[in-house]
Amino acid sequence: MPFPQGFLWGAATSSYQIEGAVDEGGRGESIWDRFVRVPGAIERGETGAVACDHFHRYRDDVDLMGELGLRAYRFSIAWPRVLPKGAGRRNEAGLDFYRRLVDRLLERDIVPVPTLYHWDLPQALQDRHGGWTGRETAERFGEYGALVFEALGDRVDRWITLNEPWVSAFHGYHTGAHAPGTRNLEAALRASHHLLLGHGRAVDAFRASGRGGEIGITLDLQVSDPATDTEADVEAARRSDGHTNRWFLDPVLRGSYPADMVAVHEDAGRAFDHVRPGDLATIAKPIDFLGMNYYFRRDVAAADNELGFTDVPPRAGEPTTEMGWPIRPDGLRDQLLRLKREYPPLPIYVTENGTSDTAEPGPDGRIEDAGRIDYLRDHFAAAEEAIRGGVDLRGYFVWSLMDNFEWALGYRPRFGLVHVDFATQERRPKASAAWYARVIGGNAIVD
Ligand code: FCB
């Protein structure tokens with residue numbers, strides 16, 4: 001039996017992508033509320049102001065999760081709903097929303113797995129401290145964590161600190177594709193350190209709370225393959241791995257930044273004075289599990305740019321998702337096996353994996369998303385191979401429960417198991433949802 005008993009099959013979402021109600025219930029402004037108003041930042045000028053209106057519809061949404069047979073639900077808590085200014089006055093109404101959501105999940109035997117930070121930083125912390133470029137934001141994150149553990153710790157026992165700090169740091173502060181839209185590699189490096197420090201502070205706060213349960217972090221991990229076997233491309237792939245994967249894995253799991261990447265940045269004269277004595281010990285505080293998000297493995301070539309590498313497009317004729325991402329399930333297996341080989345043993349959850357399409361209801365109202373079923377079947381099989389190879393995989397969360405606001409791409413990519421008509425807010429489970437319910441029911445991959 002490849003998937004162990006009690007394997008946590010679930011689905012994932014995040015606050016800004018589904019909640020809407022950005023001005024309701026005392027919520028403060030987030031950097032995404034601000035960023036979506038920048039002309040050209042988001043396709044078609046779309047925003048998450050309404051999104052899936054989940055803030056008002058969470059009861060029905062949880063019922064839907066029950067119908068799909070989900071064993072677990074990964075969602076995120078909007079920091080500005082809880083602390084409208086990021087610190088100081090707490091907003092009880094915001095905490096109440098998450099209490100009600102969690103209670104509804106528990107009534108249906110669905111394990112709640114909240115993430116403290118999935119990118120919607122309180123704008124006040126951006127204004128006051130430069131967001132994650134400021135060390136104070138890491139301190140405020142630790143305090144926010146302590147508050148949430150105290151408020152929800154009686155009913156939640158699995159926590160995730162950060163979602164994909166690589167994306168927060170490098171799309172937020174280097175490419176500028178995400179909020180707050182900064183374009184400066186040095187700023188991004190500082191942001192990455194403060195995100196990690198914030199993670200460590202939150203882990204400390206969790207242990208100090210005395211609540212039982214588990215805490216971990218979610219990293220987006222990908223395999224970087226050299227585009228050719230030239231020495232330059234092999235080195236480029238190593239750098240890509242260093243920049244995206246090891247930059248976060250090593251501090252959290254080994255207590256040090258990867259020396260080769262530190263050398264790359266130091267050689268280029270990038271400052272590291274933001275790393276203070278004791279920080280890495282905080283960042284490396286023991287965690288209980290690692291969350292891994294996986295979408296694709298990348299081909300990388302040497303390039304004459306700041307980082308010395310670039311991604312090359314998918315190979316000719318290769319299947320891709322609607323996002324243009326190559327479909328390469330073996331990367332999931334290989335990355336899981338690599339974690340087992342190279343890092344200290346730790347239970348792992350796949351906290352996101354899934355695919356986008358543009359499937360709409362047919363004349364009979366059904367949504368036939370065969371491509372998603374194939375994608376998930378192949379990735380589940382890759383996870384199964386990793387388990388056979390000895391990886392301690394404890395659960396798998398499909399991204400996403402329902403179609404939602406896909407950041408800079410707006411509502412075009414549809415990642416949901418459940419279709420959302422954004423004009424009416426009608427939810428309709430796709431064919432993949434029924435298929436996934438059968439997988440969950442049997443704890444095994446089905447045709
Ligand atoms: C991940 C994000 C998630 C969603 C998926 C498609 O990087 O964590 O919010 O955007 O990609």
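One is the number of the first residue; the rest follow in order along the sequence. Whatever order the structure lists them in is the order used to number ligands and atoms, beginning at 1.
Across Thr218, Leu116, Leu290, a single residue satisfies side-chain contact (heavy atoms from CB on, under 4.5 Å) together with Ile160, and that is Thr218. With Arg328 as the partner, the side chain to side chain donor-acceptor pair (under 3.5 Å) test is satisfied by one option alone out of Thr320, Asp334, Asp299: Asp299. Just one of Phe7, Phe3, Phe380, Tyr349 meets the ring pair (Phe, Tyr, Trp, His ring centres under 6.0 Å) condition when paired with Tyr396; it is Phe380.
Proximity of the aromatic rings of Trp325 and Tyr375 is defined here by a centroid distance below 6.0 angstrom, and this criterion is not met.
Taking every heavy atom of Asn163 and a limit of under 4.0 angstrom, the matching atoms of ligand 1 come to 8 (O). Near Phe415, the atoms of ligand 1 lying under 4.0 angstrom from a non-hydrogen atom of the residue are 6 (C). The distance from ligand 1 to the heavy atoms of Trp119 drops below 4.0 Å at these ligand atoms: 2 (C), 7 (O), 8 (O). Short contacts between ligand 1 and Glu406, defined as distances under 4.0 Å to a heavy atom of the residue, involve ligand atoms 4 (C), 6 (C), 10 (O). Residue His118 has at least one heavy-atom neighbour below 4.0 Å for each of these atoms of ligand 1: 2 (C), 3 (C), 8 (O), 9 (O).
The closest non-hydrogen atom to atom 11 (O) of ligand 1, taken over Tyr295, Trp399, Tyr294, Trp407, comes from Tyr295.
The shortest separation from a heavy atom of Met323 to ligand 1 is not under 4.0 Å, leaving the residue out of contact.
When non-hydrogen atoms are compared, ligand 1 lies under 4.0 Å from neither the backbone nor the side chain of Asp220.
Between the side chains of Trp9 and Asn443, at least one donor N or O lies within less than 3.5 Å of an accepting N or O.
Residue pairs that meet the salt bridge (charged side-chain N to carboxylate O under 4.0 Å, His left out) test with at least one member in residues 78-87, sequence neighbours left out, are Glu19-Arg81.
When only non-hydrogen protein atoms are considered, atom 7 (O) of ligand 1 lies nearest to Glu164 OE1, 2.6 Å. Looking at atom 1 (C) of ligand 1, its nearest protein heavy atom turns out to be Glu352 OE1, 3.1 Å.
Ion pairing between Asp61 and Arg57 fails under the 4.0 Å rule for side-chain N and carboxylate O.
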